[in-house]
Engineer: 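The structure follows.
In this text the structure is predicted, and so the values were computed from the model without any measurement.
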Amino acid sequence: MHYWLFKTEPRGYSIDDLKRDKRTLWSGVRNYQARNMLRDEVKKGDVVIFYHSSCAVPSAVGLAEVTRESFPDETQFDSESEYFDATATKENPRWFVVEVKFKEKFTHEVSLTQMRKSPALKDFRLLTPGNRLSLFPLSKKHFETIMKLGDDHIGIS
DNA sequence: GCCAACGTTGGC
DNA sequence: GCCAACGTTGGC
């Protein structure tokens, strides 16, 4: 079992949207490094931290679980879609999706600022300059540290 | 809106 | 294969 962080812009698709939908296909990934991980390494049962980016308070906001491993992203074949890719074919698809289901929305979100302050997250990928990958794996240690930052906040606010 | 840090594209 | 130009991401 592996841990992942998936970035999303809440204006586009938020943890509340996932909570409402229960399940969703993680479509629209159009970066080769992210694609390769999505296609080859994200496995059923893996745990996903949902991260809101490009918003007022960038934060880890909840958890999801992978319920289906990679298969072709239909949006690449849809000329109406913003994710359409004219070079992709059904026989040779270029982009992939996984399915995730909602697990929980954090009572206390863990902000990027909060994470930067944690010594245990010094080498966390999200915090390294220029990190632009929309998804990446994280260690159990980092996962547990983030969960603890949320727990520790209880009673302080 | 600014800008750093990328990734992608395309001419050569 | 190099690299300049351009586009995108995403925090601030």
Side-chain angles (χ1 to χ4, degrees), chain A residues 2-19 21 24-42 46-64 66 70-100 102 104-139 141-150 152-153 156-157:
Chain A
H2 288 102
Y3 299 99
W4 300 91
L5 184 142
F6 283 14
K7 289 184 195 172
T8 182
E9 299 191 12
R11 264 169 277 259
Y13 195 85
S14 72
I15 188 73
D16 291 318
D17 294 323
L18 182 63
K19 187 176 182 181
D21 296 344
T24 196
L25 298 181
W26 205 248
S27 63
V29 171
R30 294 293 182 270
N31 167 284
Y32 287 106
Q33 230 185 314
R35 188 279 308 266
N36 292 347
M37 291 191 285
L38 202 58
R39 184 189 60 191
D40 306 330
E41 295 172 39
V42 178
D46 284 356
V47 171
V48 173
I49 290 184
F50 230 68
Y51 176 80
H52 282 174
S53 67
S54 294
C55 54
V57 186
S59 310
V61 294
L63 295 180
V66 178
S70 72
F71 58 98
D73 183 347
E74 283 300 316
T75 63
Q76 72 193 299
F77 309 124
D78 177 8
S79 58
E80 302 291 300
S81 170
E82 61 174 313
Y83 299 120
F84 178 63
D85 184 343
T87 66
T89 61
K90 297 262 184 186
E91 295 71 32
N92 194 12
R94 181 166 297 192
W95 308 109
F96 295 82
V97 296
V98 297
E99 183 192 66
V100 295
F102 176 78
E104 68 170 272
K105 180 181 173 179
F106 294 156
T107 311
H108 299 281
E109 299 183 350
V110 181
S111 71
L112 185 63
T113 314
Q114 220 176 325
M115 289 189 252
R116 284 198 197 285
K117 285 178 184 164
S118 169
L121 292 176
K122 223 169 188 67
D123 54 347
F124 183 39
R125 200 157 176 174
L126 185 69
L127 309 180
T128 63
N131 166 49
R132 289 168 47 185
L133 274 181
S134 61
L135 64 110
F136 54 85
L138 64 156
S139 67
K141 189 190 106 181
H142 286 164
F143 175 82
E144 286 170 353
T145 301
I146 292 164
M147 296 304 285
K148 190 166 184 305
L149 285 176
D152 286 352
H153 196 266
I156 299 170
S157 62

Engineer: Using salt bridge (Lys or Arg N to Asp or Glu O under 4.0 Å) as the criterion, list what pairs up with A/Lys141, not counting sequence neighbours.
Structural biologist: none
Engineer: Name all pairs fulfilling the salt bridge (Lys or Arg N to Asp or Glu O under 4.0 Å) condition that reach into residues 70-82 of chain A, sequence neighbours left out, sorted by first residue then second.
Structural biologist: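 Sorted pair list: A/Arg30-A/Asp73, A/Glu74-A/Lys90.
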Engineer: Answer with base, sugar-phosphate or nothing: what part of the nucleic acid does A/Arg116 contact at a heavy-atom distance below 4.0 Å?
Structural biologist: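 Result for A/Arg116 = sugar-phosphate.
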Engineer: Under 4.0 Å from a heavy atom of chain A: give me the 5'-most and 3'-most nucleotides of DNA chain C that qualify.
Structural biologist: C/dG7 to C/dC12
Engineer: Can you give each donor-acceptor pair under 3.5 Å made by side-chain atoms of residues 117-129 of chain A, sequence neighbours left out, with the distance rounded to 0.1 Å?
Structural biologist:
unit_1   : atom_1 : unit_2   : atom_2 : d
A/Ser118 : OG     : A/Ala120 : N      : 3.4
A/Asp123 : OD1    : A/His142 : NE2    : 2.9
A/Thr128 : OG1    : A/Arg125 : O      : 2.9

Engineer: Show the atom names and distances, to 0.1 Å, of all donor-acceptor pairs under 3.5 Å that link a side chain in residues 53-60 of chain A to residues at least two apart or in another chain.
Structural biologist:
unit_1  : atom_1 : unit_2  : atom_2 : d
A/Ser59 : OG     : A/Val57 : O      : 2.7

Engineer: Excluding sequence neighbours, so at least two apart, what forms salt bridge (Lys or Arg N to Asp or Glu O under 4.0 Å) with A/Asp17?
Structural biologist: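 Salt bridge (Lys or Arg N to Asp or Glu O under 4.0 Å) check on A/Asp17 returns A/Arg20.
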